[in-house]
Protein chains: 4
Amino acid sequence: MRIVDEAAREAKRTELLDAAARCFAERGYHATRTADICALAGMSSGNLFHYFPTKQAVLLALIERDGAETATSVTELAAADDPFGALLVLLDDVCRLAADSTYSGLALEISALAHRDDDVAVRFKANDASFRQSLEDLLARAAAAGQLDTDLSAQDAATWIAALVDGMFARVAADPDFRPEAQAAVLRRIVSQLLRGAAS
Amino acid sequence: MRIVDEAAREAKRTELLDAAARCFAERGYHATRTADICALAGMSSGNLFHYFPTKQAVLLALIERDGAETATSVTELAAADDPFGALLVLLDDVCRLAADSTYSGLALEISALAHRDDDVAVRFKANDASFRQSLEDLLARAAAAGQLDTDLSAQDAATWIAALVDGMFARVAADPDFRPEAQAAVLRRIVSQLLRGAAS
Amino acid sequence: MRIVDEAAREAKRTELLDAAARCFAERGYHATRTADICALAGMSSGNLFHYFPTKQAVLLALIERDGAETATSVTELAAADDPFGALLVLLDDVCRLAADSTYSGLALEISALAHRDDDVAVRFKANDASFRQSLEDLLARAAAAGQLDTDLSAQDAATWIAALVDGMFARVAADPDFRPEAQAAVLRRIVSQLLRGAAS
Amino acid sequence: MRIVDEAAREAKRTELLDAAARCFAERGYHATRTADICALAGMSSGNLFHYFPTKQAVLLALIERDGAETATSVTELAAADDPFGALLVLLDDVCRLAADSTYSGLALEISALAHRDDDVAVRFKANDASFRQSLEDLLARAAAAGQLDTDLSAQDAATWIAALVDGMFARVAADPDFRPEAQAAVLRRIVSQLLRGAAS
DNA sequence: GATGAATGAGAATTCATTCAT
DNA sequence: TATGAATGAATTCTCATTCAT
């Protein structure tokens with residue numbers, strides 16, 4: 001009974017987060033009313049507050065969920081035998097995410113909000129640091145496996161790969177002709193050149 | 001008399017734009033009240049509306065001013081005898097801008113707002129397109145001068161250089177340890193490798 | 001449940017319209033703040049906007065409600081066997097309304113607002129045209145019943161009876177000694193003379 | 001010098017009043033900004049306040065000027081040998097005024113404002129009382145000259161003639177098809193019937 | 001828990017009036 | 001006196017949050 005209730009509660013929270021993600025991505029955090037989120041989640045307006053204490057709490061939960069999901073998927077890749085190959089796969093995954101306008105819109109929104117709100121900033125930076133750390137680990141394993149040929153430090157390399165990823169999300173927003181999936185090969189190539197001095 | 005008045009008027013607009021830039025960068029567009037801008041510009045609350053019809057108009061003017069300034073500085077560089085060298089100088093300039101937290105905060109904010117507001121989007125994309133076009137022109141001149149060694153198209157190269165620039169602004173926001181000016185050399189190197197297949 | 005909700009909603013709208021009528025009549029449309037209306041209706045300030053989208057919408061609804069009420073009461077009279085007698089009764093009703101300072105104040109306010117606001121004008125003129133049409137119909141029936149003795153057209157007669165009615169409202173406003181109910185007999189007599197060439 | 005200055009000052013006041021009359025008539029008192037009046041009078045925005053202490057003072061001066069003008073023109077008519085004829089001429093004059101949409105718009109506006117503002121009310125009612133008194137005097141002289149055949153008191157007759165005049169202004173506002181000048185004959189006839197029991 | 005009506009603080013914008021020049 | 005920029009109080013409308021049912 002308790003378990004069922006908890007599960008039902010969790011399902012509602014998930015629905016609300018999904019709805020909020022779409023609203024925030026499409027309209028922006030400020031332009032989204034809590035009633036919009038409820039409507040999209042198919043519930044009545046005040047109901048959100050049974051699941052989250054404030055609108056901001058919804059946003060924070062969303063950031064944490066995204067961080068956890070990213071961490072999970074990166075962890076899977078990190079276990080691969082071929083670290084450099086895993087990195088290239090990761091880049092492809094990122095291109096796929098960038099092509100999802102809900103995801104990229106939300107990413108941009110969160111990144112802007114982190115500037116203004118300390119609670120958002122803490123979680124956003126934690127996610128980012130964790131992602132970079134995973135990249136660094138992957139690069140270290142690739143180096144250990146002799147897959148790299150560069151004198152760039154693993155940290156700088158991880159940083160600039162992250163910059164390329166962020167930059168790609170920015171391109172999606174700024175340039176109507178930019179198609180992330182069509183650019184996946186270019187991205188692979190840039191990263192390969194960076195780490196091995198030559199196109200892969 | 002007339003000229004003096006116009007000049008005074010323009011000076012006030014400039015003061016307001018400077019104040020707005022700081023407010024928007026630090027607190028974000030939505031969290032900034034028009035009265036905040038006035039206070040920072042040292043004038044009384046309703047006075048902004050003698051210079052701009054709406055809060056949004058202030059934002060749009062800011063985007064246009066930034067676009068014009070960028071265009072001017074890029075045009076100067078573009079006239080150089082050594083196009084590839086000019087590109088590297090441009091990257092250094094960008095690093096300097098990224099180190100200015102007002103500038104980078106504002107850039108991020110505008111990029112997020114462009115997703116939600118068509119008027120912002122139009123001007124933002126125009127600035128971006130103009131910047132990329134300048135890059136393309138510079139790359140074409142560098143290619144003609146035999147300074148490049150890559151089979152990347154000028155368009156793709158310009159796109160990814162823009163992505164690196166955007167990515168750097170994102171790094172500033174996400175990573176407290178990222179120092180744009182310290183990374184200028186790494187950025188030069190990445191771009192050089194991209195365009196010439198080797199570190200410069 | 002649904003029906004109850006709808007009824008409750010309608011009751012609130014009615015309360016708000018009643019409150020607005022009093023405010024507009026006493027203080028004028030412009031001097032009335034939406035918060036005044038809410039206070040008089042016994043609700044909190046922003047609540048009006050759950051029932052009407054704008055302050056103007058309250059005014060428009062008020063005009064429409066008045067038109068509908070007038071139409072209803074005129075329709076009842078119009079069914080009488082004695083059309084001329086019904087007209088005299090109608091004049092007495094109008095005198096009673098004119099004696100109600102809320103009603104006459106509102107009528108004057110609306111008439112002045114119709115000059116400046118097209119949406120108000122449309123509804124105001126529709127009410128007026130409908131009232132004059134009812135008068136014309138009544139006069140035609142009276143003529144057919146041989147109750148009239150005048151060569152004034154039904155249209156002109158209706159127009160000038162309407163003018164007398166409007167004029168009476170104006171007298172209430174302009175002349176502190178004018179008592180509409182005491183003047184009912186004079187009005188009956190003027191109209192009788194107009195339509196039958198002699199006092200009734 | 002002094003006299004010239006005074007005359008110039010008076011001329012400016014007159015220009016401002018003329019401009020205000022048009023603005024108030026066309027847009028209404030509340031929708032008219034003091035800057036609008038200045039612009040129409042061809043002067044700079046704050047300048048009005050050298051001639052009138054407040055916006056309301058402009059309105060009050062306008063009402064007083066209108067009262068004085070009406071009194072003057074009625075006084076001229078009142079001196080005529082044929083008082084009843086003079087009354088009919090007066091009705092024609094009124095029809096002409098009603099046809100002037102600036103004048104009728106202003107009249108309606110003032111009448112509505114009198115409900116809300118005591119200072120306006122005092123002057124408005126004074127004008128009205130003075131006009132009715134003139135009518136009463138004219139009617140008394142007509143009666144003395146044996147021109148009337150009615151048992152209506154001079155006061156009631158004056159009141160209802162005033163009501164017809166007000167009513168006509170209201171008709172102009174409410175009925176787009178009402179043409180005051182075309183209705184002058186009907187008005188003469190109604191008043192004649194009222195005072196003499198027959199069409200003139 | 002679910003509903004959706006009610007609350008009330010908040011913010012952009014307007015404009016009469018003031019005042020330095 | 002003329003100008004027109006500056007002031008700042010005032011008001012409509014929004015929406016996160018609360019709460020009675």
Side-chain angles (χ1 to χ4, degrees), chain A residues 5 8-9 12 29-39 41-58, chain B residues 1-2 4-5 8-9 11-12 29-39 41-58, chain C residues 1-2 4-5 8-9 11-12 29-39 41-58, chain D residues 5 8-9 12 29-39 41-58:
Chain A
D5 284 5
R9 192 176 167 75
K12 290 268 187 188
Y29 177 75
H30 284 101
T32 297
R33 278 152 285 143
T34 55
D36 294 337
I37 300 173
C38 291
M43 45 183 82
S44 70
S45 88
N47 207 16
L48 180 150
F49 294 91
H50 287 301
Y51 297 93
F52 298 95
T54 63
K55 182 183 173 186
Q56 195 216 31
V58 178
Chain B
M1 184 75 167
R2 176 96 311 210
V4 169
D5 283 7
R9 191 177 171 74
K12 289 272 183 189
Y29 177 75
H30 286 102
T32 296
R33 278 152 284 136
T34 56
D36 295 338
I37 300 172
C38 291
M43 44 181 85
S44 73
S45 83
N47 205 18
L48 181 151
F49 295 93
H50 288 301
Y51 296 93
F52 298 95
T54 62
K55 182 183 173 185
Q56 194 215 32
V58 178
Chain C
M1 184 74 167
R2 175 98 308 212
V4 169
D5 284 4
R9 190 177 170 74
K12 289 272 183 188
Y29 176 76
H30 286 102
T32 297
R33 278 152 284 133
T34 55
D36 294 337
I37 301 173
C38 290
M43 44 181 84
S44 73
S45 82
N47 206 18
L48 183 149
F49 296 93
H50 287 302
Y51 297 93
F52 297 96
T54 62
K55 182 183 173 187
Q56 194 215 32
V58 178
Chain D
D5 283 5
R9 191 176 166 76
K12 291 269 189 187
Y29 177 75
H30 284 101
T32 296
R33 280 150 288 145
T34 54
D36 294 338
I37 301 173
C38 290
M43 45 183 85
S44 72
S45 89
N47 206 15
L48 182 149
F49 294 92
H50 287 303
Y51 297 94
F52 298 95
T54 63
K55 181 183 174 184
Q56 193 214 35
V58 178

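Quick note on labels: first sequence line is chain A, next is B, and so on, each numbered from 1. Just so you know, these numbers use all the heavy atoms, side chains as well, and skip hydrogens, waters and symmetry mates.
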Pair assignment for DNA chain E - dot-bracket with | for other-strand partners, Watson-Crick or G-U under 3.5 Å: .||||||||||||||||||||

Nearest-neighbour nucleotide for the [X] side chain, [options] considered:
{"X": "D/Thr34", "options": "F/dA2, E/dA5, E/dT17", "value": "E/dT17"}
{"X": "C/Ser44", "options": "E/dG8, F/dA5, F/dA6", "value": "E/dG8"}
{"X": "B/Arg33", "options": "E/dA11, F/dG8, E/dT3", "value": "E/dA11"}
{"X": "C/Met43", "options": "E/dT17, E/dT7, E/dA12", "value": "E/dT7"}
{"X": "D/Thr54", "options": "F/dA9, F/dT11, E/dT17", "value": "E/dT17"}
{"X": "D/Ser45", "options": "E/dA2, F/dA6, F/dG4", "value": "F/dG4"}

Please figure out whether B/Tyr51 or C/Lys55 has its closest DNA chain F nucleotide nearer the 5' end.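 Residue closer to the 5' terminus by nearest nucleotide: B/Tyr51.
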
Assuming nearest nucleotide by heavy-atom distance, tell me which of C/Gln56 and B/Gly46 is located more 5' along DNA chain F.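 Closer to the 5' end of DNA chain F: B/Gly46.
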
In whole angstrom, give the distance that lies between atom [atom1] of [X] and atom [atom2] of [N].
{"X": "C/Asn47", "N": "F/dT14", "atom1": "CG", "atom2": "C1'", "value": "13 Å"}
{"X": "A/Phe49", "N": "E/dG1", "atom1": "CZ", "atom2": "C1'", "value": "16 Å"}
{"X": "B/Leu48", "N": "E/dA11", "atom1": "CG", "atom2": "C1'", "value": "13 Å"}
{"X": "C/Phe52", "N": "F/dT12", "atom1": "CZ", "atom2": "C1'", "value": "16 Å"}
{"X": "D/His50", "N": "E/dA20", "atom1": "NE2", "atom2": "C1'", "value": "12 Å"}

Looking at D/Lys12, I'd like to know whether one of its side-chain N or O atoms comes within less than 4.0 Å of OP1 or OP2 on F/dT1. no

Ignoring hydrogens and angles, tell me if any N or O in the side chain of B/Tyr29 forms a donor-acceptor pair with the backbone of B/Gln56 under 3.5 Å. yes

